[in-house]
Amino acid sequence: MASRIYPSSQFIIVLFFGLMLTFAAALKSSLRTAFVHRGVGTGAVPSAVPSAVRTCRNSATAVARFVSPPHSCRLLSVRCHSTSLKSTTNESDLEKPDANQIQTEIPKEGDQPPQRRRKKKKKKNVASRDKRREFIGKAKAVDNGCWSTLYAPGGEDGISFVAKSGLPDRSTPFTVLGIESSCDDTGAAVVRSDGVILGESLASQHEIHEEFGGIVPGLAKNAHEEKIDSVISEAIANAGMKSVEDVDAIGVTVGPGLEICLRVGCNKARELAMEHKKPFVGIHHLEAHILMARLPFDSSAEFTVGGETIDGDHIHESKRAIGFPFLALLVSGGHCQLMKCVGIGQYEIIGGTIDDSLGEAFDKTARLLGLPVGGGGGPAVEKLAKEGNPKGVQLPIPLQKRKDCDFSYAGLKTAVRMKTEKLAAERGVSVEDLSREDRADVAASFQNVAIKHIEQRLKRTMDMLEEGEDNIRSLAVVGGVAANQELRSRLEAICAERTDPWRMFVPPPRLCTDQGAMSAWAAVERIVVGSSDIPDDQDVFARFPFQS
């Protein structure tokens with residue numbers, strides 16, 4: 001008896017897909033025929049759209065090319081809005097489409113051909129790319145012609161200062177309320193024009209950001225808004241004053257920094273200045289760091305005659321710790337620069353970072369090693385490095401082939417990560433499980449090379465200045481990283497070892513980091529030279545390069 005033959009499963013699958021392909025080809029042909037017969041090739045708007053096309057939803061755009069001999073090709077764009085069209089096979093429905101749901105886009109006579117538009121866009125992109133390439137490898141935050149807003153309180157010549165909102169009586173000691181909110185700390189202080197800090201207050205955000213391993217701008221802004229009033233009130237009370245009415249002027253940081261954070265402090269300072277009719281000074285954050293090196297730290301400093309006012313009265317100011325001109329090394333979480341400081345608002349950038357700052361490199365290394373960064377990665381790495389071998393891990397010194405004074409820490413950060421991961425692999429553990437001894441060696445080696453990079457650039461800059469006519473022999477080390485004791489001691493050694501020894505000035509550690517006193521003192525310096533700003537239209541700037 002002959003056995004019955006059943007088709008195999010493979011045969012059934014092949015047959016199924018064959019039928020599907022045949023159906024798709026037939027559908028495509030019917031669609032083309034439907035559109036051609038409705039006059040697409042002649043410029044007429046089709047009176048209907050087949051149900052298969054009307055399945056597009058949520059403003060998606062279905063675009064197809066159709067040929068209708070003997071006419072040329074036309075591009076029809078059918079856009080279906082958020083209300084989906086119901087599929088139907090009813091011919092009467094096809095003849096009466098909803099005009100609100102179907103739109104056609106026919107090229108206008110004045111439109112540029114697609115090819116010309118593409119060429120124009122490509123040309124624009126090339127120009128933009130070439131403009132960016134022009135600044136690749138150059139120091140950031142430096143006036144290389146790529147910034148529209150520059151800091152120049154003294155005008156183009158650097159010395160034409162204007163008291164736009166007036167000045168306090170400079171013939172006697174005056175007081176300034178300074179407000180700082182550029183990043184993650186809300187600070188306020190009242191400083192007298194002889195450099196005495198009468199009262200201050202600081203609200204730290206370390207606990208807020210520690211769990212995130214870095215600053216969260218939105219959280220920082222909210223914390224500033226919550227604390228700004230109480231911080232200012234506390235600083236005023238600590239200064240023995242009753243209200244803002246008792247101070248003579250107000251200064252506030254306006255850039256560079258986190259824009260949404262800067263705006264909190266700036267808006268508050270503007271409000272107070274206009275309410276109490278006080279002279280207002282918009283402070284440059286980096287200049288404030290630099291000028292802290294000039295703050296007279298001797299409380300017994302006497303006032304000296306520094307010039308005359310327009311009315312002929314003498315301007316009384318205290319002796320500064322360091323006089324112009326001098327060399328400044330600014331090392332912070334966002335910047336790393338070597339500057340020749342000629343006067344208030346007059347700074348010549350000799351070298352700057354082309355990528356990451358020293359403070360940022362410390363922070364990233366701290367997170368890599370699993371260290372707490374709530375109080376900043378720098379102090380955590382410095383503390384661990386004291387336990388390690390500074391030559392325990394071989395790391396490259398950045399920019400050895402460049403004979404300029406710029407800095408770079410992006411490559412060093414990568415090298416630290418790769419060496420740490422390699423060390424962990426050799427130990428058969430994860431980076432988080434490395435022993436404290438191994439992590440201490442990484443921290444010490446990183447800190448050693450990072451500072452050695454600073455040393456090389458600083459020595460080259462000193463050589464240049466010693467050959468110049470400025471006779472500069474003073475170095476100011478400022479910024480948050482200036483609180484690092486290893487950095488201080490090694491830079492002091494460099495100054496002492498010069499043939500003609502240099503003098504080094506560093507603010508006390510607590511005044512190296514962001515706080516209200518720096519804004520107040522910078523405002524004092526601006527007021528002494530006769531400079532103030534208008535509070536009504538004062539803006540803030542995330543990037544705020546010095547005028548070169």
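- Put simply, the side chain of T461 does not reach to within 4.5 Å of the side chain of K459, judged on heavy atoms.
- In this structure a side-chain-to-backbone donor-acceptor pair under 3.5 Å is missing from H206 to G376.
- Rounded to the nearest 0.5 Å, atoms CG (L295) and CE (M518) are 11.5 Å apart.
- One finds the NE2 atom of H289 at 11.0 Å from the CG atom of L511 (value rounded to the nearest 0.5 Å).
- Between the side chain of E382 and the backbone N or O of Q485, at least one donor-acceptor pair lies under 3.5 Å.
- When only modelled atom types and interatomic distance are considered, D157 and S160 share a side-chain donor-acceptor pair under 3.5 Å.
- Side-chain contact between R436 and L384 is present, with at least one heavy-atom pair separated by less than 4.5 Å.
- Counting only distance, with no hydrogens or angles, the side chain of T175 and the backbone of V191 share no donor-acceptor pair below 3.5 Å.
- Residues satisfying the side-chain hydrogen bond (donor to acceptor under 3.5 Å, both in side chains) test with Q346, not counting sequence neighbours, are none.
- For the atom pair CG (L198) and CZ (R192), the distance works out to 5.5 Å, reported to the nearest 0.5 Å.
- Using modelled atom types, one finds no donor on one side chain facing an acceptor on the other under 3.5 Å when comparing Y151 with Q547.
- If you take CD1 on I397 and CD1 on I451, they are separated by 12.0 Å, rounding to the nearest 0.5 Å.
- A salt bridge is absent between R460 and D404; no separation between the charged side-chain nitrogens and carboxylate oxygens falls under 4.0 Å.
- Taking a 6.0 Å sphere around CZ of R498, one finds it holds more than 12 heavy atoms contributed by other residues, nucleotides or ligands.
- Inspection of the Q447 and N484 side chains reveals an N or O donor paired with an N or O acceptor under 3.5 Å.
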List the steps, then state whether side-chain contact (heavy atoms from CB on, under 4.5 Å) holds for L327 with W502. CA-CA 10 Å; L327 173 65; W502 285 50; 4.0 Å; yes
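- A distance-only check finds a donor-acceptor pair linking the side chain of S193 to the backbone of F174 [under 3.5 Å].
- Taken to the nearest 0.5 Å, the SG atom of C266 stands 10.5 Å off from the CD atom of E259.
- Under a cut-off of 6.0 angstrom, the local environment of CD in E387 is crowded, with over 12 non-hydrogen atoms contributed by other residues, nucleotides or ligands.
- The shortest non-hydrogen separation linking S165 to P535 is CB-CD, 4.1 Å.
- A salt bridge is absent between R488 and E492: the closest approach of a Lys/Arg side-chain nitrogen to an acidic carboxylate oxygen does not fall below 4.0 angstrom.
- In this structure, the side chain of D533 engages the main chain of G282 through a donor-acceptor pair within 3.5 Å.
- Counting only heavy atoms from C-beta outward, the side chains of T186 and I179 never approach each other to under 4.5 Å.
- Checking side-chain atoms of S332 against main-chain N and O of G480 turns up no donor-acceptor pair under 3.5 Å.
- Aromatic pair F544/H285: centroids not less than 6.0 angstrom apart.
- Proximity of I283 to V252: side-chain heavy atoms (C-beta onward) are nowhere separated by under 4.5 Å.
- The closest donor-acceptor contact from the side chain of N389 to the backbone of A444 lies at 3.5 Å or more, if one exists at all.
- Residues D500 and E466 approach most closely at O-OE2, 4.3 Å, considering heavy atoms.
- Looking at D184 and H209, their side chains come closer than 4.5 Å, going by heavy atoms from C-beta outward.
- Between L358 and F407, the closest side-chain pair of non-hydrogen atoms is not below 4.5 Å.
- Here the straight-line distance linking atom NE2 of H284 with atom CG of L291 works out to 11.0 Å at 0.5 Å rounding.
- The backbone N or O of A321 lies less than 3.5 Å from no partner atom in the side chain of R294, so there is not a single donor-acceptor pair.
- Salt bridge absent: E225 and K268 never bring a charged side-chain N and a carboxylate O closer than 4.0 Å.
- The backbone N or O of L202 lies less than 3.5 Å from no partner atom in the side chain of E200, so there is not a single donor-acceptor pair.
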Report the C-alpha separation of M339 and I290 in whole Å, then their side-chain angles, then the decisive distance to 0.1 Å, and conclude whether the side-chain contact (heavy atoms from CB on, under 4.5 Å) test is met. CA-CA 10 Å; M339 293 173 282; I290 294 169; 3.3 Å; yes
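- Annotation for C261 and S181: closest pair O-OG, 2.9 Å, computed over non-hydrogen atoms.
- At distances below 3.5 Å, not a single donor-acceptor pair connects side-chain atoms of R503 with backbone N or O atoms of L475.
- Here the closest non-hydrogen pair linking A189 and G516 is CB-C, 3.6 Å.
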Could you check V481 against L487 for side-chain contact (heavy atoms from CB on, under 4.5 Å), going step by step and ending with a plain yes or no? CA-CA 8 Å; V481 187; L487 176 65; 4.3 Å; yes
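- Ion pairing between D470 and K340 holds under the 4.0 Å rule for side-chain N and carboxylate O.
- Taking every heavy atom of both residues into account, I350 and D406 meet most closely at O-OD1, 4.4 Å.
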As a quick check of understanding, evaluate side-chain hydrogen bond (donor to acceptor under 3.5 Å, both in side chains) for T253 and S519, giving each step before the final call. CA-CA 6 Å; T253 304; S519 297; 2.8 Å; yes
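- Side-chain contact between Q515 and D185 is absent, with no heavy-atom pair separated by less than 4.5 Å.
- A salt bridge is absent between R270 and D536: the closest approach of a Lys/Arg side-chain nitrogen to an acidic carboxylate oxygen does not fall below 4.0 angstrom.
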List the steps and the verdict of side-chain contact (heavy atoms from CB on, under 4.5 Å) for L272 and K278. CA-CA 8 Å; L272 294 174; K278 301 293 182 181; over 6 Å; no
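- Here K452 does not pair with E455 in a salt bridge; the nearest charged N to carboxylate O distance is not below 4.0 Å.
- By the 4.0 Å N-to-carboxylate-O rule, E360 lies close enough to K413 to be salt-bridged with it.
- Nearest heavy-atom pair across L491 and L329 is CD1-CD2, 3.6 Å.
- Close placement of the F446 and F362 rings is indicated, their centers lying within 6.0 Å of each other.
- Residues L286 and Y347 form no side-chain contact, since every pair of their non-hydrogen atoms from C-beta on lies 4.5 Å or further apart.
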